[in-house]
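Notes to accompany the following structure.
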Amino acid sequence: MERTHHNNQLTINEVGQTVTLIGWVSKRRNFGSLVFIDLRDREGITQLVFDETKAELIKNVRNEYILQVSGKVVERKSKNPNIKTGEIEINVESVEVINEANTTPLIIADETDALEETRMKYRYLDLRRPVMLNKIRTRHQITQVMRRYLDEIGCIEIETPILTKSTPEGARDFLVPSRVHPGEFYALPQSPQLFKQLLMISGFERYYQVARCFRDEDLRSDRQLDFTQVDIEFSFLNDVEIQTHIEEMMRRVMKEVLNYDLVTPFLRLTYKEAMNRYGSDKPDNRFGLELQDVTTIFENCEFEAFRSAETVKAIVVENQASMTRKEIDALTALAKKHGAKALTVLKMKETLEGSVLKFFNEEEIKHVISSLNLQENDLILMVADKWEKACDVLGALRSHLGKTLKLYDEKAFSYLWVVDFPLLEYSEEDGRYYAKHHPFTSPKKEEIELLDTNPKTVNANAYDLVLNGYELGGGSLRIYNQNLQKKMFEILGFSESEIQERFGFFVDAFQYGTPPHGGIALGLDRVAMLLTHSDSIRDVIAFPKNASSKDPMCEAPSPVEPSQLDELNIAIDIKKN
RNA sequence: GGUCCGGUGGUGUAGCGGUUAACAUGCCUCCCUGUCACGGAGGAGAUCGCGGGUUCGAUUCCCGUCCGGACCGCCA
């Protein structure tokens, strides 16, 4: 089957040529003895014209039929500036109907009115919409630019196993039963973390992989069960050197894919600063509305909740003092959803107003006004709680308000690094420490000795890349000293035998000359989502799962044949609550 | 596991304690030689997610359930 051009190619310069085109019938406009057809392929649309003598040929042709047509390129009488080929059209001489099509359950156009449910069920048709096709293509381009750069700087692409060993920390594993070894299971990788570190021990020095990862957790618009990480690891580079490579890679992606100029190096915020100013470890700094600390103002006040709180933080929302009771209740509900006990609301009218003011003396009120630099018509939201909680709640309010009050340019891109994460997190519930990043992340060199005395305060050589409030990826320098790695496992509460059973192979490897190394993993789906201005990563994944972990198209997951279970020595006993 | 929102022709929505269930689009037939979201005339197409309850009467109100979505928990 031959075509001479794609449907985006023909211009006024080709007038007079005889061409052959292939494509789907996108739209048919019938004038009796004169018929127009918009012929669509993956590149674009070309208008076909069938005059009186040819109209008969396509009498039965409907939308989404596939045609191969030959004809002469002619200049249009009335041009269409909205499409690339709008200056010309094809005077069709011959037509072959390559295939017919039923009426589609959704309209194949950029502005479909179909709900996501319908789009997912007929995903192949959803993807046929040019807007979707282009998103998937953009993803391809992003991957290509990344691959080219990583190759250029000497990273070797290496595949690591999909069937691997269950890891105890982190997300739930997907398990795959072994037929050959009854009762035993492979796990699908949550990330190739251990393997890429082993590759450094092997001496590959620089590695990357466009790696499929699997986590059996609930989904979100930016989370899928199986997702793709661009997984990168370097030997002998420090954290800034690694970050610099990533900055350059992203700079090229933005330039080559979107023709968007990024300034490097990116802004770096410490975890503490990010939390203090934005109430998030993945801040969107395209707008202000920063958090402010007012703890000290209230340390002797009459208001018990403020006086005794570890932290009192505030955000000042300009010109929103007129917000209705209903809107404020919604903000309070949001604060409570994020775990706040209460949201304190003040309004700056002619004077400061708010029900809690009765607890404050004149001095304290003055102090609030001056330190927050309050102007008339400001709305002030305050939360008193533990530091992290207060930051987190106001951070949630901040991003909510940023979005609803449209405080930022949606088309802008703001990259930044969040660095110096705490190494550990203490879980009151379990009475033990968990690794904030993962158990192989190295503590800051100068803080290693604090591991014995005050592990909580130790920071990690860990860094997250953040774009517009989304965590694009995280990385760290790894521990390469076997004693330090052992100590980490001890702090995390693993016994000697647990270490051996779970990471034995990994710890063993450390004995044989482990280079200093570190790396990062970038969520490709999120990169593609943000660069295509999509609301969900589902838009940039060809065949995604829906919010309840199902594939509405092929209906996975599904029951299997009893004989399949027999072979796996598995009996099913579903526990119902 | 939880909270909130939704489920009405193929698609997307409106509606309401009693309707011939409305509108747009798509589909079918007819008319049309310059459209490009063509236009015009006509037509087919819905047991209002499912089960139960309240009621003389339920698509509408209530309860349950299933399905979809957003978020919280969870996601080192």
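Just so you know, these numbers use all the heavy atoms, side chains as well, and skip hydrogens, waters and symmetry mates. Per chain, numbering begins at 1; letters A, B, ... match sequence-line order. Keep in mind that what you see is a predicted model, and the values were worked out from it rather than measured.
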Please determine whether any donor N or O and acceptor N or O are separated by less than 3.5 Å between the side chain of [X] and the base of [N].
| X | N | result |
| --- | --- | --- |
| A/Arg28 | B/C38 | no |
| A/Asp218 | B/G73 | yes |
| A/Glu117 | B/G6 | no |
| A/Arg215 | B/C74 | no |
| A/Lys27 | B/C36 | no |
| A/Ser78 | B/C36 | yes |
| A/Arg538 | B/G69 | no |

Searching all strands shown, indicate the nucleotide that pairs with [N] (Watson-Crick or G-U wobble; both distances under 3.5 Å).
| N | result |
| --- | --- |
| B/U29 | B/A41 |
| B/G17 | none |
| B/G34 | none |
| B/U3 | B/A70 |
| B/C61 | B/G53 |
| B/A24 | B/U11 |

Whole-angstrom distance between B/U59 and B/G53, as gauged at atom P
13 Å
Separation between the P atoms of B/C61 and B/C67, rounded to whole Å:
23 Å
Could you state the atom-to-atom distance from [atom1] of [X] to [atom2] of [N] in whole Å?
| X | N | atom1 | atom2 | result |
| --- | --- | --- | --- | --- |
| A/Asp38 | B/A37 | CG | P | 9 Å |
| A/Asn80 | B/A37 | CG | C1' | 11 Å |
| A/Asn546 | B/C71 | CG | P | 14 Å |
| A/Ile107 | B/U13 | CD1 | C1' | 13 Å |

Look at the side-chain N and O atoms of [X] and state whether any lies under 4.0 Å from the OP1 or OP2 oxygen of [N].
| X | N | value |
| --- | --- | --- |
| A/Asn102 | B/G10 | no |
| A/Ser33 | B/U33 | yes |
| A/Thr118 | B/G12 | yes |
| A/Arg29 | B/U35 | no |
| A/Lys336 | B/U3 | no |
| A/Ser548 | B/G68 | yes |

Step-by-step salt bridge (Lys or Arg N to Asp or Glu O under 4.0 Å) determination, A/Asp126 to A/Arg123
CA-CA 5 Å; A/Asp126 187 38; A/Arg123 185 60 162 177; 2.7 Å; yes
Report yes if the distance between the aromatic ring centroids of A/Phe503 and A/Phe440 is under 6.0 Å, otherwise no.
yes
Within a strict 4.5 Å, meaning less than it, do heavy atoms of the A/Ile45 and A/Asn7 side chains meet?
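No, every pair of side-chain atoms sits at 4.5 Å or beyond.
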Report yes if some heavy atom in the side chain of A/Ser166 is under 4.5 Å from a heavy atom in the side chain of A/Phe185; otherwise report no.
no
Look up atom CZ in A/Phe510 and atom CD in A/Gln482, then write down how far apart they are to the nearest 0.5 Å.
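Between A/Phe510 CZ and A/Gln482 CD, I get 8.5 Å after rounding to 0.5 Å.
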Taking NZ, NE, NH1 and NH2 as the nitrogens, is one of them in A/Glu217 or A/Arg223 under 4.0 Å from a carboxylate oxygen of the other?
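Salt bridge: no.
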Are the charged groups of A/Lys79 and A/Glu89 less than 4.0 angstrom apart, N to O?
no
Closer to the 5' end of RNA chain B via nearest nucleotide, is it A/Thr104 or A/Gln47?
A/Thr104
Between A/Pro439 and A/Arg220, who's closer to the 5' end of RNA chain B by nearest nucleotide?
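Closer to the 5' end of RNA chain B: A/Arg220.
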Do we count A/Phe31 as stacking onto B/U33 if the rule is ring centres under 5.5 Å and planes under 30°?
no
